[in-house]
Novice: 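One structure is given below, represented as structure tokens, and several questions about it will come after.
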Amino acid sequence: MSKYFQAIIEQLSQRSAEATLSILGISHPQLRQFLSDKFNQPTGSETSFLADPVFEAIFGWEEYDKTMDALAVSGHLLSRSLLDAMDKPPADLKDYRFGKDWKPYKHQYEAWYKLANSKPQSIVITSGTGSGKTECFMVPVLNDLVLQYQQTQQPLIGVQALFIYPLNALINSQRDRLRAWTGAFKGDVRFCLYNGNTEESVKASEQSRIPNEILSRELLRSEPAPLLVTNSTMLEYMLVRQVDAPILEKSQGQLRWIILDEAHTYIGSQAAELSLLLRRVMHGFGVSSDDVRFVATSATIGDKDNSSLQNYLADLAGIAKDKVTVIGGQRIVPELGKRKHRYKQSAPIEDLIAIDADSQISKARYRALADHPTSRKIREEITCNNAIPKSLSQLSKAVFPKEQDIKISQQQVLAWLDICTGTVSYKDKPFLPVRGHLFHQVINGLWCCVDTNCACKTGIVLEGHWGFGMVYSQQREVCDCGAPIYELVFCNDCNTAHLKAFEYHGQLMQTPKESVDEFSLQVDIEPDL
């Protein structure tokens, strides 16, 4: 068995510490050792570069009992021509195939059914990452446009669907999917990605290569696409700029859909601003909230109280609460059955690792994990309460409550996660498929106590070797010994350590630093099985 979560967390922590010490140019041996020890503290501690990792189970989502082909029989929920387009996208976009023989997830079907109602209905989709939230709204929107085209046999002109994303990166991520699923309709069902990167004009030859996507602002204004993917800033511009007035004029009374992806990003004043913007948008397009189907999606907005989520979208969109339905996906966690009590809590993990050690696929090791109380406990912790993600600290306390050393308990949990995710049964199903979310912190500097005899460095590597007091990686005004603290800096020429301060009315004070927004880098990882 190979290490996975253990190795990547250890490597990230150690390499971050080494890189930071090198960038800071610290040559003082005791100070370097002290900081290296601090930076390699257990994840989640104040001085560690890695915040507390979070783990979530990624068992498969509950499927609906009919295939896409069966759903297309009536043509109301899913038109045959759209299904054909999704089933056979262009060769260069084959990764976006949504096959006829596939069964959609149950929450996808529920969303399609609700949004296909002749009277506008709105939904909040709260399923997790990788659950196909995009398909929940993309399929009914495209189906609505395709049905209109089939009835009129005329190219659709005028904005009917607004997809509002908080980031341009999210806007761009939809381009390939939309190209794949609208390609079969050529220029009759078009979309446009309207953001700061949209060109004012493009050559006719370039536009003709992709007839289903409007590539320029010039063409968007003359022939508004029925599906417009944009952000709130561009919507603001579109409502006030005279040059964009034709988009509104040629779309009057046609707006039927407003999609708010990553809705959890709109909170507080941002939510209030978006709510006002949506009202201006509907006024500008000549429709009322009762004419529009609103969809809000998020992997993190969900909780057990559907009422609060209904209120969230109802208040945001200005619609009645009873017109909002909350739809959440459900993962299917296979039952393990009763324990056979072959293993006790004290049975070492090494005994299980030794079973078919050179192979991921192992019936014997899978059965052993199903019988061991520790692996069952970890599986239970990560999958209980509708599979709410758990931090490494939470798992450590729950699985090894008697272990006093945090670092040891964390390493033990990571070792068990490695064997649980790395053991696959004969059905190619991992004992516990897990995705890890790692958050990388940064430091803005070093700060140091001015007192050479600082009591806080007693008994540590700095004692007797470091000319100043205790060193901190978090800014503070006063040391625990009571002495003032100043920023620790190093000479560019000789690398000698100094404390940096400025004099104000006869007193030394910390040098004011430019405002730096705190941030972290999130990395989501899962084993490649």
Side-chain angles (χ1 to χ4, degrees), residues 6 9-53 392-393 396 403-411 414 438-504 506-514 516 518-521:
Q6 293 179 87
I9 288 176
E10 182 179 354
Q11 289 173 13
L12 280 174
S13 181
Q14 290 180 351
R15 291 178 183 178
S16 297
E18 293 169 1
T20 301
L21 291 173
S22 297
I23 292 172
L24 292 173
I26 297 174
S27 59
H28 191 288
Q30 284 74 29
L31 177 60
R32 190 178 183 89
Q33 182 61 50
F34 170 78
L35 291 175
S36 178
D37 293 341
K38 284 290 184 182
F39 293 158
N40 282 291
Q41 289 294 306
T43 58
S45 61
E46 182 179 347
T47 57
S48 172
F49 277 102
L50 290 182
D52 205 359
L392 181 56
S393 296
S396 299
E403 178 57 62
Q404 298 299 313
D405 191 315
I406 298 176
K407 195 162 188 175
I408 290 177
S409 65
Q410 288 185 352
Q411 290 173 342
L414 292 174
L438 307 185
F439 302 89
H440 195 288
Q441 304 182 118
V442 297
I443 64 169
N444 292 325
L446 297 173
W447 287 265
C448 185
C449 172
V450 72
D451 187 1
T452 301
N453 299 314
C454 174
C456 295
K457 67 178 184 179
T458 302
I460 62 176
V461 68
L462 295 179
E463 184 179 14
H465 300 281
W466 175 242
F468 298 111
M470 188 63 173
V471 179
Y472 301 90
S473 59
Q474 302 291 328
Q475 187 172 8
R476 53 192 297 177
E477 299 290 335
V478 180
C479 181
D480 290 340
C481 74
I485 286 177
Y486 303 110
E487 186 179 3
L488 178 61
V489 296
F490 301 88
C491 175
N492 290 332
D493 296 325
C494 64
N495 208 33
T496 302
H498 298 275
L499 299 186
K500 185 178 180 180
F502 76 103
E503 186 177 359
Y504 182 73
Q507 292 185 335
L508 290 178
M509 303 184 68
Q510 286 188 13
T511 303
K513 297 180 71 66
E514 295 181 3
V516 178
E518 293 185 1
F519 69 93
S520 65
L521 172 65

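No experiment lies behind these values; they were computed from the predicted model shown.
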Novice: What do you reckon, is CG of L21 surrounded by more than 12 foreign heavy atoms closer than 6.0 Å?
Specialist: yes

Novice: Going by salt bridge (charged side-chain N to carboxylate O under 4.0 Å, His left out), name the pairs with one or both residues in residues 441-467, residues two or more places apart or in two chains.
Specialist: none

Novice: Can you list the residues that meet the side chain to side chain donor-acceptor pair (under 3.5 Å) rule with N495, with sequence neighbours excluded?
Specialist: S27

Novice: Could you measure the distance from the CD1 atom of I408 to the OG atom of S396? Nearest 0.5 Å is fine.
Specialist: 11.5 Å

Novice: Give, for atom CG of L446 and atom CD1 of I26, the distance between the pair rounded to the nearest 0.5 Å.
Specialist: 5.5 Å

Novice: Suppose we screen for side chain to side chain donor-acceptor pair (under 3.5 Å). Which residues come up paired with R476, at least two apart in sequence or across chains?
Specialist: D480

Novice: Which residues pass the side chain to side chain donor-acceptor pair (under 3.5 Å) test with Q411, not counting sequence neighbours?
Specialist: none

Novice: Tell me whether S13 contacts the main-chain N or O of E10 through its side chain, where contact means a donor paired with an acceptor under 3.5 Å.
Specialist: no

Novice: Tell me, please, which residues at least two apart from S16 pass side chain to side chain donor-acceptor pair (under 3.5 Å).
Specialist: H440

Novice: Nearest 0.5 Å please: distance from the CD atom of E477 over to the CE atom of M509.
Specialist: 7.0 Å

Novice: With no hydrogens and no angle check, is any side-chain donor or acceptor of T458 less than 3.5 Å from a backbone partner on A455?
Specialist: yes

Novice: What residue pairs, at least two apart or across chains, pass ring-ring contact (aromatic ring centres under 6.0 Å, His included) with a residue in residues 448-480?
Specialist: H28-W466, W466-F468

Novice: So with a 6.0 Å cut-off around CD of Q507, is the heavy-atom count from everything else above 12?
Specialist: no

